[in-house]
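Below is one structure; the comments refer to it alone.
Here is how names work: the chains are called A, B, and so on, in the same order as the sequence lines, proteins then strands, and each is numbered from 1. Keep in mind it's a predicted model, so treat the numbers as computed, not measured.
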Amino acid sequence: MIEQIIISNVAKGIESLFNAKAEEKQIQLQRTKKEFEGDITIVVFPLIRLSKKSPEETATLIGNYLHENVDEVNDFNVIKGFLNLVIDDKYWLGFFNENLKKSNYGEAATHKDSDPVVIEYSAPNTNKPLHLGHIRNNLLGHSVASILQASGSEVKRVNLVNDRGIHICKSMIAWQKWGEGNTPESSQKKGDRLVGDFYVLFDQKYKIEVQKLIASGVEPKLAEKESPLLIEAQQMLQQWERNDPEIRALWERMNNWVYAGFDKTYERMGISFDKTYFESETYLLGKTIVEEGLKKDILFKKDNGSVWADLTNDGQDEKLLLRADGTSVYMTQDLGTAILRYNDFKAGRLIYVVGNEQNYHFEVLEIILKKLGYGWAENIHHLSYGMVELPHGKMKSREGTVVDADDLMEEMYQTSKRMTVELGKTSDFSEEEAKQLYETVGMGALKYFMLKVDPKKSMLFNPEESIDFTGNTGPFIQYTYARIQSLLRKANELKINLVKTSGKTLEMAQKEKNVLRLIYDYPSVIQNAAQNLSPAMIANYTYDLVKEYNQFYQEVPVFKETSKAKIIFRLQLSRFTAQIIKSAMGLLGINLPDRM
RNA sequence: GGUCGCAUAGCUCAGCUGGAUAGAGCAACAGCCUUCUAAGCUGUGGGUCGCAGGUUCGAAUCCUGCUGCGAUCACCA
């Protein structure tokens with residue numbers, strides 16, 4: 001790496017020039033700004049303490065030293081406190097030729113010695129279909145997993161399905177009462193949608209019942225608690241916990257409808273898991289751990305029998321872990337599943353992709369696990385992402401503003417189809433090819449839109465305006481890729497051999513070099529994105545690369561060139577760019593068309 | 001009220017561990033298809049980086065306070 005060469009030589013230079021020792025931090029490199037000549041810039045301000053000379057003088061002395069002692073440094077210029085180094089094109093071309101044939105360029109080999117990263121995402125409830133919020137969650141989780149893999153980690157993707165509880169009982173009751181034996185088949189509805197509809201129906205009937213009670217003189221709060229429907233749901237939950245065969249059968253039946261529906265949604269989204277946990281199988285897990293903690297006096301019991309963790313020394317309040325009746329709460333279960341998961345995979349790291357509304361929960365989870373003696377709890381990482389907001393605020397099921405995942409994906413398909421047909425892109429496509437293109441572009445637009453913003457920031461989605469297809473978008477990147485494929489097809493027709501390298505003596509146009517410089521950055525972009533758990537970094541990098549490539553494409557024609565070597569170089573550069581686009585978009589779960 | 005997070009162009013977003021005149025896209029306007037795909041390229045206009053202090057040779061970036069927005073603080077999940 002050229003950066004390493006420069007840093008070590010700057011250190012040497014400082015020693016021989018100023019008789020001083022530079023710390024690593026003091027040698028700061030950055031990319032030279034476009035408006036100045038050069039490739040790499042050294043910021044000399046931190047070094048003037050060592051040189052005891054003015055910034056300009058220091059820069060000039062170091063520049064001279066590097067010019068004389070480092071082959072790759074061809075020239076330099078000094079502007080204020082910035083030393084701009086011109087790196088010989090031979091270096092860049094050498095790098096290019098060396099890496100041209102690496103099919104997985106940018107991706108690091110898996111380090112086998114370290115324990116796997118376990119990443120949880122999706123975590124749906126089985127009482128309603130997936131919505132916009134889940135889309136961000138799923139895309140983020142899946143993409144971060146891919147990025148970690150590419151950076152060299154072994155990764156396990158897990159899902160934890162919330163398949164039991166009062167919510168699913170509500171759907172079950174509504175179905176029993178008003179379902180008329182309807183099934184996904186008989187109603188022609190996706191199973192998750194069908195069950196979700198019954199959940200909504202329960203809520204409607206429940207509200208009517210509460211209103212009636214209030215009208216008959218019952219206190220509003222009491223009415224909400226004493227509604228016969230709600231009591232029925234609570235009783236059903238108890239029956240479920242007692243393993244009542246009839247209830248269990250219905251529960252299984254309806255959940256299976258939901259899973260069939262989820263599978264379709266996941267499939268269209270391109271999301272998958274290595275393992276799926278079900279809460280019905282894990283919800284009792286935390287109890288024994290809590291009881292052990294109680295024995296060891298790490299936790300304490302209140303007079304009514306409820307069990308708590310005292311976190312007042314950790315800047316938090318007290319946290320309930322077992323109710324007075326001995327039943328567990330969300331936190332209790334999560335303690336249990338964390339330990340289970342850690343043991344299942346010998347996890348080196350546990351990542352949870354969960355919205356930032358649960359920041360508090362995860363903070364407390366980690367503290368309690370540590371208190372209970374699980375040192376690995378510090379390897380828990382909550383990938384806390386911002387909410388997806390609509391122009392008028394959050395999604396609210398009551399106001400019918402929930403954006404359904406399936407609906408949104410279908411809309412993206414239709415928009416993609418409309419745009420593509422308007423542009424006349426598919427006139428020579430078969431019907432099958434055309435459909436595939438609409439899907440690829442529509443999903444590409446959606447995924448890129450969701451992933452290009454920093455995960456921790458909340459983002460805005462406006463259902464009124466459809467997601468763009470021009471500018472910083474998925475389709476723009478896909479389009480560039482398709483353009484390159486077109487070039488390569490033509491090269492193939494012309495029987496141009498792209499195997500042999502073009503040597504180090506080629507003269508590059510500025511636009512070519514710009515593209516090459518970005519290609520050079522890709523491996524470090526992956527590492528950075530992995531470190532920050534940020535698909536946005538991959539997206540923004542790819543956009544920069546593609547934008548730069550399009551400038552090259554527009555300004556530097558390939559096949560008009562008379563020099564054979566240059567034609568080959570430009571095609572290789574194009575192919576290399578396409579390869580990176582494919583790799584990077586792969587990390588975001590975005591497919592690419594060969595024509596569009 | 002306590003805790004945590006966010007605030008950059010009309011809108012949506014970049015800006016890596018502090019470094020040069022703060023960048024893109026959308027929208028607006030003006031150009032570029034007899035030339036490898038115009039879902040593209042070029043140009044113009046648009047900013048007190050929420051406000052006020054502080055640290056530093058240097059602050060959108062770090063610290064403090066304030067304002068605004070959001071989340072959270074349940075014997076809910």
Side-chain angles (χ1 to χ4, degrees), chain A residues 25 28 30 32-33 35-36 41 43-46 48-49 55 79-82 84 123 125 162 165-167 279 302 304-308 315-317 319-325 327-331 333-334 355-361 363-364 384 386-387 389 393-394 416 419-420 422-423 425 441 445 449 452-454 456-462 465 468-480 482-491 524-525 528-529 531-532 534 536-537 539-540 543-544 546-547 550-561 570-571 574 595-596:
Chain A
K25 259 181 148 179
Q28 292 180 19
Q30 56 183 269
T32 303
K33 296 238 168 192
E35 50 270 44
F36 304 108
T41 294
V43 184
V44 296
F45 295 108
I48 58 176
R49 250 178 234 168
I79 295 166
K80 292 198 265 178
F82 297 90
N84 301 322
N125 290 346
N162 185 356
I166 192 78
H167 50 83
E279 223 185 85
K302 288 197 177 174
N304 66 358
S306 55
V307 178
W308 299 72
Q316 304 289 348
D317 280 336
K319 181 75 192 172
L320 177 87
L321 293 176
L322 289 178
R323 296 189 187 100
D325 63 5
T327 56
S328 57
V329 293
Y330 177 47
M331 180 61 74
Q333 293 173 37
D334 246 16
N356 61 14
E357 55 200 353
Q358 292 196 36
N359 285 353
Y360 171 76
H361 174 78
E363 229 172 281
V364 172
S384 159
M387 299 288 102
E389 279 162 17
K394 290 179 73 173
S416 159
M419 308 268 300
T420 308
E422 265 172 29
L423 291 166
K425 296 282 186 180
V441 172
F449 179 84
K452 79 172 172 187
V453 325
D454 185 342
K456 62 173 182 283
K457 290 192 178 174
S458 63
M459 63 179 297
L460 187 89
F461 175 77
N462 188 347
E465 302 166 20
D468 275 329
F469 284 64
T470 59
N472 188 359
T473 65
F476 169 54
I477 290 165
Q478 292 171 320
Y479 175 70
T480 306
R483 267 180 156 181
I484 295 175
Q485 297 313 308
S486 172
L487 276 187
L488 295 176
R489 278 193 296 272
K490 186 162 177 181
S524 63
V525 170
N528 237 321
Q531 213 166 6
N532 291 288
S534 173
M537 287 186 172
N540 287 318
Y543 176 64
D544 286 342
V546 161
K547 205 171 153 47
N550 273 312
Q551 289 174 30
F552 154 74
Y553 179 92
Q554 209 86 21
E555 280 185 31
V556 186
V558 173
F559 293 109
K560 274 196 170 179
E561 175 60 46
R570 286 172 192 167
L571 286 167
S574 299
R595 290 196 297 156
M596 77 181 268

- In whole Å, what separates the C1' atom of A60(B) from that of U21(B)? 15 Å

Can the ring centroids of Phe469(A) and Tyr479(A) be said to lie less than 6.0 angstrom from one another? no

Applying salt bridge (charged side-chain N to carboxylate O under 4.0 Å, His left out) to Glu363(A) and not counting sequence neighbours gives none

Check: Is there side-chain contact between Tyr330(A) and Glu279(A), with at least one heavy-atom pair below 4.5 Å?
Finding: no

What distance, rounded to whole Å, do you find between the two C1' atoms, one in C57(B) and one in A20(B)? 14 Å

Whole-Å distance, Tyr479(A) OH to G40(B) P, equals 7 Å

Worksheet item: When the P atoms of C13(B) and A7(B) are considered, how many whole Å apart are they?
Response: 11 Å

Do His361(A) and Asp334(A) get their side chains close enough for a donor-acceptor pair, meaning under 3.5 Å? yes

### Query
Using atom P of each nucleotide, how far apart are G23(B) and G47(B) to the nearest Å?
13 Å

- Query: What integer number of Å spans the P atoms of A14(B) and A59(B)?
  - Reply: 24 Å

Taken to the nearest 0.5 Å, the spacing of Asn84(A) CG from Thr41(A) OG1 works out to 3.5 Å

Does C36(B) have OP1 or OP2 under 4.0 Å away from a side-chain N or O of Ser486(A)? no

- If you look at every strand shown and take non-hydrogen atoms under 4.0 Å, does Asn162(A) touch a base, only sugar-phosphate, or nothing? sugar-phosphate

Rounded to whole Å, CE of Met459(A) lies from P of C6(B) at a distance of 17 Å

If the C1' atom of A28(B) is compared with that of A71(B), how far apart are they to the nearest Å?
-> 37 Å

Notebook entry, point to check: Any donor-acceptor pair under 3.5 Å linking the side chain of Thr420(A) with the backbone of Ser416(A)?
Noted result: yes

With the side chain defined as heavy atoms from C-beta on, Lys560(A) is closest, among C41(B), U35(B), A39(B), to U35(B)

Would you say A77(B) has OP1 or OP2 under 4.0 Å from some side-chain N or O of Arg323(A)? yes

Exercise for review: Please work out if Thr480(A) contacts a base, only the sugar-phosphate, or nothing of the nucleic acid, heavy-atom cut-off 4.0 Å.
Suggested key: nothing

- [ ] Determine the contact category for Leu460(A): base if any of its heavy atoms lies under 4.0 Å from a base atom, sugar-phosphate if only primed atoms, P, OP1 or OP2 are that close, otherwise nothing.
- [x] sugar-phosphate

Every stem of 3 or more Watson-Crick or G-U pairs under 3.5 Å that RNA chain B joins, in order of first number, is B:1-7 with B:67-73, B:10-13 with B:23-26, B:28-32 with B:40-44, B:50-54 with B:62-66

Looking at every strand, decide which applies to Val556(A) at a 4.0 Å heavy-atom threshold: base, sugar-phosphate, or nothing.
base

Separation of A77(B) atom P from Ile166(A) atom CD1, nearest Å, is 10 Å

With sequence neighbours left out, the residues meeting side chain to side chain donor-acceptor pair (under 3.5 Å) with Ser534(A) are none

Would you say Thr480(A) and Asn550(A) are linked by a side-chain donor-acceptor pair, where the criterion is simply a distance under 3.5 Å? yes

Sequence neighbours excluded, the answer for ring-ring contact (aromatic ring centres under 6.0 Å, His included) partners of Phe476(A) is Tyr543(A)

Do we get Lys302(A) above Trp308(A)'s six-membered ring, with its NZ or CZ under 6.0 Å from the centre and within 45° of the axis?
yes

When all nucleic acid strands are considered with a 4.0 Å heavy-atom cut-off, which category describes Lys25(A): base, sugar-phosphate, or nothing?
nothing

Flag the pair Glu389(A) and Lys394(A) as a salt bridge only when some basic side-chain nitrogen lies within less than 4.0 angstrom of an acidic carboxylate oxygen. no

Side-chain N,O (Arg483(A)) to OP1/OP2 (A38(B)) below 4.0 Å:
yes

Ranking C36(B), G40(B), A14(B) by distance to the side chain of Phe476(A), first place goes to G40(B)

* Separation of the P atoms in G5(B) and U64(B), to the nearest angstrom -> 11 Å

Using the P atom as the reference point in each nucleotide, state the distance between G25(B) and G68(B) in Å, no decimals. 36 Å

Kindly indicate whether the side chain of Ile79(A), heavy atoms from C-beta on, has any atom under 4.5 Å from the side chain of Phe36(A).
yes

With syn meaning chi within 90° of zero and anything else anti, the base of C29(B) is anti

Might you list the N or O atoms of the protein lying below 3.5 Å from N or O atoms in nucleotides 68-74 of chain B, with each pair's distance?
none

Readout for nucleotides 16-25 of chain B: B = base within 4.0 Å of protein heavy atom, S = sugar-phosphate only, - = neither; 5' to 3' it is ---BBS--SS

Check whether any side-chain N or O of Gln551(A) sits under 4.0 Å from OP1 or OP2 of U42(B), and answer yes or no. yes

Just checking Ala536(A): base, sugar-phosphate only, or nothing, at a heavy-atom cut-off of under 4.0 Å?
nothing

Strictly below 4.0 Å, N to O, side chains only: are Asp325(A) and Arg323(A) in salt-bridge contact?
no

Under 4.0 Å, heavy atoms only, any strand: does Val558(A) hit a base, just the sugar-phosphate, or nothing?
base

*Just checking Asn462(A): base, sugar-phosphate only, or nothing, at a heavy-atom cut-off of under 4.0 Å?*
nothing

message: Surrounding CZ of Arg489(A) (heavy atoms of other residues, nucleotides or ligands, distance under 6.0 Å), is the total greater than 12?
response: yes

